[in-house]
Amino acid sequence: MSIAANERLALENRLRHALIAGEFVLHFQPLIDAHTSHVVGVEALTRWQPPGEAIISPGKFIPIAEDTGLIVPLGEWVLRAACEQSRAWMDAGIPPLVVAVNLSVRQFQSENLVGMVQRVLEETRLPATYLELELTESMFVAQAERSIETLNQLKALGVRLAIDDFGTGYSSLTYLKRFPIDKLKIDQSFVHGLAHDANDREIAATIIAMARGLKLDVLAEGIESEQQLEFLRQHDCDYYQGYLFHRPVPAAELEKWLRKHSVPQ
């Protein structure tokens with residue numbers, strides 16, 4: 001236990017230094033329109049790249065950043081960097097893409113979230129309609145009424161809102177119909193079993209049908225096989241994301257691919 005505690009403290013100290021030293025980078029994974037097969041957006045994914053070392057998995061540093069509160073400044077950096085990159089692609093002649101950015105629990109609960117998002121959009125000159133904020137169901141459990149107010153304020157800015165990892169957390173469907181949400185994302189744990197697990201197929205089909213009934217878009221993440229894709233196509237899923245289409249890669253690596261696959265203007 002002592003060794004584990006010391007390792008965690010060392011990683012926390014390295015994390016603080018990494019924020020100051022600018023050791024974080026963004027990778028981007030395309031979001032595909034199911035009906036046209038064009039890329040219509042990208043998800044921004046955070047990576048920690050210490051100089052001269054291998055990339056550190058988000059699974060190792062995100063929980064520590066969340067526990068220590070470092071996730072708030074890190075999250076603001078991610079949002080700003082993602083918006084800057086989206087604007088840079090736009091200025092470079094690539095058709096406009098929605099950029100999806102994950103919000104943490106601490107970010108969502110912070111008093112200045114809406115003001116921070118508005119400021120970043122203004123400073124990066126990214127139209128709000130091209131920013132999609134991804135939230136998890138667990139963010140809404142404790143203070144549902146306050147959450148609805150925050151979501152309404154974010155919607156008033158013009159940004160899009162999505163519930164990530166849908167079906168893995170807990171949320172009352174009574175509240176879900178009151179949330180000003182644009183999209184549900186089917187968690188990859190359900191998508192993974194589509195080819196061989198009847199329960200996963202039933203859950204995915206139900207989520208798609210519910211989204212359709214609530215007039216929400218629905219995206220399946222973690223698609224890796226043609227069998228998974230065929231099931232989602234048969235059930236009229238709106239958007240796809242996964243290794244079958246493209247792995248998360250740095251912006252410069254993705255740009256050439258984007259020029260071929262973005263929606264024509």
Side-chain angles (χ1 to χ4, degrees), residues 1 3-29 31 41-51 53-86 99-113 116-117 120 131-142 147 150 154 159 161-171 183 185-192 219 221-222 241-243 247-251 254:
M1 290 178 64
I3 292 172
N6 287 336
E7 288 179 348
R8 180 183 173 86
L9 181 60
L11 191 59
E12 179 183 334
N13 289 333
R14 288 186 63 192
L15 196 56
R16 294 182 187 278
H17 171 76
L19 268 171
I20 298 171
E23 295 180 3
F24 292 97
V25 297
L26 290 184
H27 286 190
F28 296 88
Q29 187 172 34
L31 311 178
V42 293
E43 181 177 2
L45 301 162
T46 314
R47 301 289 186 260
W48 181 5
Q49 178 65 79
E53 298 182 33
I55 288 179
I56 298 176
S57 165
K60 286 188 175 181
F61 69 83
I62 292 295
I64 295 176
E66 189 79 55
D67 290 345
T68 59
L70 291 172
I71 196 69
V72 175
L74 175 58
E76 181 171 351
W77 176 85
V78 170
L79 179 65
R80 183 177 298 278
C83 290
E84 286 175 347
Q85 183 59 66
S86 184
V99 61
V101 179
N102 291 276
L103 286 185
S104 72
V105 174
R106 285 211 182 208
Q107 277 182 291
F108 187 69
Q109 294 174 345
S110 65
E111 295 290 338
N112 66 341
L113 171 65
M116 183 270 286
V117 172
V120 168
L131 174 62
E132 182 172 275
L133 299 176
E134 295 188 356
L135 312 102
T136 60
E137 297 169 80
S138 59
M139 294 183 184
F140 312 132
V141 176
S147 297
T150 300
L154 290 169
V159 304
L161 300 173
I163 296 184
D164 195 15
D165 303 335
F166 188 77
T168 62
Y170 168 84
S171 68
K183 180 189 290 181
K185 293 187 69 175
I186 304 173
D187 185 68
Q188 59 186 343
S189 63
F190 302 127
V191 174
H192 177 73
L219 177 148
E221 58 184 355
Q241 179 181 359
Y243 284 7
R247 291 174 175 268
V249 293
L254 188 62

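Note on ring orientation: taking the six-membered ring where Trp is involved, the planes of Phe24 and Trp77 are tilted (angle from 30° to 60°).
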Evaluation steps, side-chain contact (heavy atoms from CB on, under 4.5 Å), between Asn13 and His17: CA-CA 6 Å; Asn13 289 333; His17 171 76; over 6 Å; no
- request: For the pair Phe108 and Thr150, evaluate side-chain contact (heavy atoms from CB on, under 4.5 Å) and give the outcome as yes or no after the intermediate values.
  value: CA-CA 8 Å; Phe108 187 69; Thr150 300; 3.8 Å; yes
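Between Ile186 and Glu221 the shortest heavy-atom distance is O-CG, 3.1 Å. The two residues Arg47 and Phe61 come nearest to each other via the heavy atoms C-CZ, 4.5 Å. Pro50 and Glu23 make their closest contact through CA-OE1, 3.7 Å (heavy atoms, listed as atom of the first residue, atom of the second, distance). Of all non-hydrogen atoms in Glu134 and Ala100, the two that sit nearest each other are OE2-CB, 3.4 Å. Residues Pro248 and His27 come closest through the heavy atom pair O-ND1, 3.9 Å. Nearest heavy atoms, Val101 versus Leu131: CG2-CD1, 4.0 Å.
Under the 4.0 Å criterion applied to side-chain N and carboxylate O atoms, Arg14 and Glu53 are assigned as salt-bridge partners. Between Glu43 and Lys185, at least one side-chain N (NZ, or NE/NH1/NH2) sits under 4.0 Å from a carboxylate O, which counts as a salt bridge.
Between Val117 and Leu154, some side-chain heavy-atom pair lies under the 4.5 Å cut-off. Here the side chains of Leu19 and Leu70 are in contact, with some heavy-atom distance below 4.5 Å. Residues Thr136 and Ile163 fail the side-chain proximity criterion, which asks for heavy atoms closer than 4.5 Å. Looking at Phe190 and Asp187, their side chains come closer than 4.5 Å, going by heavy atoms from C-beta outward.
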Cut-off 3.5 Å, no hydrogens considered: what does the side-chain donor-acceptor table look like for residues 78-86, sequence neighbours left out?
{"unit_1": "Arg80", "atom_1": "NH1", "unit_2": "Glu123", "atom_2": "OE1", "d": "2.6"}
{"unit_1": "Arg80", "atom_1": "NH2", "unit_2": "Glu123", "atom_2": "OE1", "d": "3.1"}
{"unit_1": "Ser86", "atom_1": "OG", "unit_2": "Leu97", "atom_2": "O", "d": "3.4"}

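Thr46 is linked by a side chain to side chain donor-acceptor pair (under 3.5 Å) to nothing, counting only residues two or more places apart in sequence or in another chain. Residues passing the side-chain contact (heavy atoms from CB on, under 4.5 Å) test with Ser104 are Glu66, Ile71, Arg106, Gln107, sequence neighbours excluded.
The neighbour count for His192 NE2, taken as heavy atoms of other residues, nucleotides or ligands under 6.0 Å away, does not exceed 12.
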